[in-house]
Amino acid sequence: MQQEKKYVPFNRVSLPDRQWPDKIIDKAPVWCSVDLRDGNQALVTPMGIEEKLKFFHTLVDVGFKEIEVGFPSASETEYEILRTLIEGNHIPDDVTVQVLVQAREELIRKTFEAVRGAKNVIIHFYNSTSTLQRKVVFGKDMQGITDIAVQGARLIKQLTEEEIARSGMNIRYEYSPESFTGTEIDFAISICEAVMEEMGATKENPIILNLPSTVEMCTANTYADQIEYFCRNMKNRDAAIISIHPHNDRGTGVASAELALMAGADRIEGTLFGNGERTGNLDIVTVALNMFTQGVDPQLDFSNILAIKKVYEECTRMHVPERQPYAGELAFTAFSGSHQDAIRKGYEYMKNSGTAFWEVPYLPINPADLHREYEPVIRINSQSGKGGAAFVLQQTVGYNLPKEMHPEFGNIVKAAADAYGDELTSKQIVELFKHEYIDLTGKYSLLRHRFTELNEADGSVHSRFEGSITIDGVEKYITGVGNGPIDSFFQALEGVGITGYKFVNYHEHAVSSGSDAQGICYIELKKTNGDHIFGAGIHSNINVAALKGIICAINRAEK
Ligand code: KIV
Ligand code: ZN
């Protein structure tokens, strides 16, 4: 790619004594969803009335108190949707609907008609103020642009007073110097001050000044500098609610919003999952849940994130990407073995220590807080490590494989995932374990058995094994005496020439409770060449589970 010098670096605000880097976000801002306006206008197929209503109710359920519902003067459809919301009594008393309008007389008048009958309304008006838009779109100087805003403000104030006199409607004002990030900062302040003065904003009746990053033009810190500069240099800071409206052209909308909050913003406009023009608006879900993970109550409830995502996808026909923070299908999935191992240890630590804190590596939030499951946390593909498959067995069927067995079973799973060419489900992993160990048939099988305790003259106790096995389908009686049941079985096997195995270790535990209680036994044997091999057996009698485990290990060794 050839750098042709046609791109010029962003002209930053000079703020050497900036304070925001030392600030923290310790309370929720006022949230305003612009899904039904900014988000909707960016859809290939804009939402119809049914979809807008469904989306609106979802936003209300999440806890939004300010919702921009459309641009009613822009089209008949937008107008009708607002009328349906009002006339159908869909707007709760504690929710304010916000409507957008350009600072143009005929559009402002139409907007006031559209909001009739609503209880709480924000009239949001805007005009473009940036250097570039003044030059290439409007052909106006700063004064010309200020006049547009002030005339709009004057008419809105007049119509508001008339409407309040008529209906007592609760009307608030919002002004956006559109393309704020591309506007000379002192001009942005002066146009906002002119609007504030025209509208008579006071501490008791503040105006919302929305400072949009209509186009994200530089790193997130430059937006924060602009917000802090604006807040520090404007007159009557108390008479304004400073709102931000980041877009995401550089992919840093969330960072811009967070730094702008640190820089003094009181309010945020954005959309669920970041839908919006071009690369989208700010993703409110991410900002809110980021806050949640810092111990700050975001005052929005995204605990039903998957249900919210479903509504979003149905209404917008957009797709939430798999890697989307918190909501993506893979957001709580670790494929890497070392990650899986650390997550498993984290869950164990949480359980055993009783810690009051969330302390699981690689998971910044407990998936259960979002009604998401533990089960998909570990998924198995050819990149997964030895502990992951063992974790799945533990979670799904309660098998606690001894640690020494993890590499062997991990390799079996890895080979299966390679051959399959895809990730394996928990069900496939359990089936793989059963097929490889529990249900394995081979050269040897156990038919009958009996143990007898032998009390020796010197006071020691031995065990005698007597029974039948089949070798390649042929039944054979075997017997042996040893220090215990396992040893006596080994002696019996050696007596018929099954040699070359040294018993190394044995683990057992119950796998179900009640009348059908069963035990599972894991056996580790060492072959003469030094290799270790494992077997497993399940039976209601734990001694039989052990014998089955031994036969399983030998069958596997001779496979
Ligand atoms: O991005 C933007 O500047 C807007 C304004 C209308 C607020 O959507
Ligand atoms: Zn926007």
Side-chain angles (χ1 to χ4, degrees), residues 29-43 46 64 66-75 78 96-104 107-108 111 121-134 136-138 145 148-149 152-153 156 172-185 187-188 191-192 195 207-218 220 223 226-227 230 240-254 256-257 260 265-284 287 316 318:
V30 176
W31 302 102
C32 175
S33 152
V34 294
D35 287 271
L36 302 177
R37 195 279 298 172
D38 220 353
N40 187 52
Q41 80 187 44
L43 294 176
F64 284 95
E66 296 182 7
I67 302 175
E68 190 164 84
V69 290
F71 199 149
S73 61
S75 74
E78 290 277 285
T96 300
V97 285
Q98 176 167 312
V99 284
L100 183 72
V101 62
Q102 278 170 10
R104 283 174 40 197
L107 303 184
I108 292 171
T111 303
V121 172
I122 295 172
I123 304 283
H124 176 189
F125 70 111
Y126 73 97
N127 65 328
S128 271
T129 54
S130 70
T131 329
L132 186 61
Q133 295 242 22
R134 292 198 313 267
V136 307
V137 183
F138 299 102
I145 295 291
I148 295 175
I156 289 172
R172 290 190 286 144
Y173 309 130
E174 172 170 339
Y175 171 66
S176 292
E178 202 245 34
S179 299
F180 164 79
T181 41
T183 304
E184 301 83 339
I185 191 75
F187 173 53
I191 194 167
C192 287
V195 166
I207 184 171
I208 299 166
L209 291 179
N210 186 47
L211 308 178
S213 169
T214 305
V215 179
E216 194 171 50
M217 303 178 106
C218 195
Y223 187 45
Q226 288 175 313
I227 300 297
F230 191 99
I241 292 166
I242 300 299
S243 175
I244 53 168
H245 176 115
H247 277 263
N248 193 40
D249 298 81
R250 298 167 52 92
T252 54
V254 166
S256 296
D266 310 301
R267 181 180 187 268
I268 292 194
E269 293 190 352
T271 58
L272 302 191
F273 311 114
N275 177 42
E277 291 284 16
R278 308 180 305 283
T279 50
N281 281 67
L282 160 81
D283 171 14
I284 286 190
V287 177
T316 61
M318 297 286 290

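As the structure lists them, so they are numbered: ligands from 1, and atoms in each ligand from 1. Quick caveat: nothing in here was measured; it's all calculated off a predicted structure.
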Undergrad: Can any side-chain N or O of Glu78 pair as donor or acceptor with the backbone N or O of Phe71 at less than 3.5 Å?
TA: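 Yes, Glu78 side chain to Phe71 backbone: donor-acceptor pair under 3.5 Å.
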Undergrad: Which bit of Val34 is near ligand 1, meaning a heavy atom under 4.0 Å away: side chain, backbone, both or neither?
TA: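 Neither; no heavy atom under 4.0 Å.
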Undergrad: Go through ligand 1 atom by atom and flag the ones less than 4.0 Å from a non-hydrogen atom of Pro212.
TA: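 This gives 2 (C), 3 (O) as the contact atoms.
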Undergrad: Checking the N or O distance criterion of under 3.5 Å, is ligand 1 in contact with Tyr126?
TA: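 Such a contact does not occur with ligand 1.
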Undergrad: Working to 10°, measure the angle at the Zn ion (ligand 2) formed by atom OD2 of Asp38 and atom NE2 of His247.
TA: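 Vertex the Zn ion (ligand 2), arms to OD2 of Asp38 and NE2 of His247: 100°.
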Undergrad: Of all the atoms in ligand 1, which lie at a distance below 4.0 Å from a heavy atom belonging to Ser176?
TA: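 Under 4.0 Å from Ser176, ligand 1 has these atoms: 7 (C).
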Undergrad: Test side chain to side chain donor-acceptor pair (under 3.5 Å) on Gln226 and Thr181; report intermediate values, then the result.
TA: CA-CA 8 Å; Gln226 288 175 313; Thr181 41; 5.3 Å; no
Undergrad: How many angstroms lie between atom CZ of Arg267 and atom NE2 of His245, to the nearest 0.5 angstrom?
TA: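 Arg267 atom CZ to His245 atom NE2 measures 10.5 Å (nearest 0.5 Å).
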Undergrad: Less than 3.5 Å between some nitrogen or oxygen of Arg37 and one of ligand 1, yes or no?
TA: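 Yes, Arg37 has an N/O under 3.5 Å of an N/O on ligand 1.
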Undergrad: Numbering the atoms of ligand 1 from 1, which are under 4.0 Å from a heavy atom of His247?
TA: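 Near His247, the atoms of ligand 1 are 1 (O).
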Undergrad: Using 0.5 Å steps for rounding, measure from the CD1 atom of Ile208 to the OH atom of Tyr175.
TA: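 Rounded to the nearest 0.5 Å, the CD1-OH separation comes out at 14.5 Å.
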Undergrad: What atoms of ligand 1 come closer than 4.0 angstrom to any heavy atom of Asn210?
TA: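 Selected atoms, number and element: 7 (C).
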Undergrad: So do the side chains of Val69 and Val99 get within less than 4.5 Å of each other, counting heavy atoms only?
TA: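 Yes, side chains in contact.
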Undergrad: Any side-chain to backbone donor/acceptor pair from Thr129 onto Glu178? Under 3.5 Å, distance only.
TA: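 Yes, the answer is positive, given that a donor and an acceptor are paired below the 3.5 Å cut-off.
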Undergrad: Below 4.0 angstrom, N of the basic side chain to O of the carboxylate: do Arg172 and Glu66 qualify?
TA: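 Salt bridge flag = yes for Glu66 with Arg172.
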Undergrad: Within this structure, what is the OG1-CG distance for the pair Thr214 and Asp249, rounded to the nearest 0.5 Å?
TA: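 Between Thr214 OG1 and Asp249 CG, I get 9.5 Å after rounding to 0.5 Å.
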Undergrad: Would you mind finding which of Gln102, His245, Gln41 brings a heavy atom closest to atom 4 (C) of ligand 1?
TA: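 Comparing heavy atoms across Gln102, His245, Gln41, the nearest one to atom 4 (C) of ligand 1 lies in His245.
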Undergrad: Of all the atoms in ligand 1, which lie at a distance below 4.0 Å from a heavy atom belonging to Asp38?
TA: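 Checking each atom against Asp38, I get 8 (O).
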Undergrad: At under 4.0 Å between heavy atoms, is it the side chain or the backbone of His124 that contacts ligand 1, or both, or neither?
TA: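 It is the side chain that gets close, since no backbone atom is under 4.0 Å.
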Undergrad: At what distance is the nearest protein heavy atom to atom 3 (O) of ligand 1, and which residue and atom is it?
TA: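 Answer for atom 3 (O) of ligand 1: Thr214 OG1, 2.5 Å.
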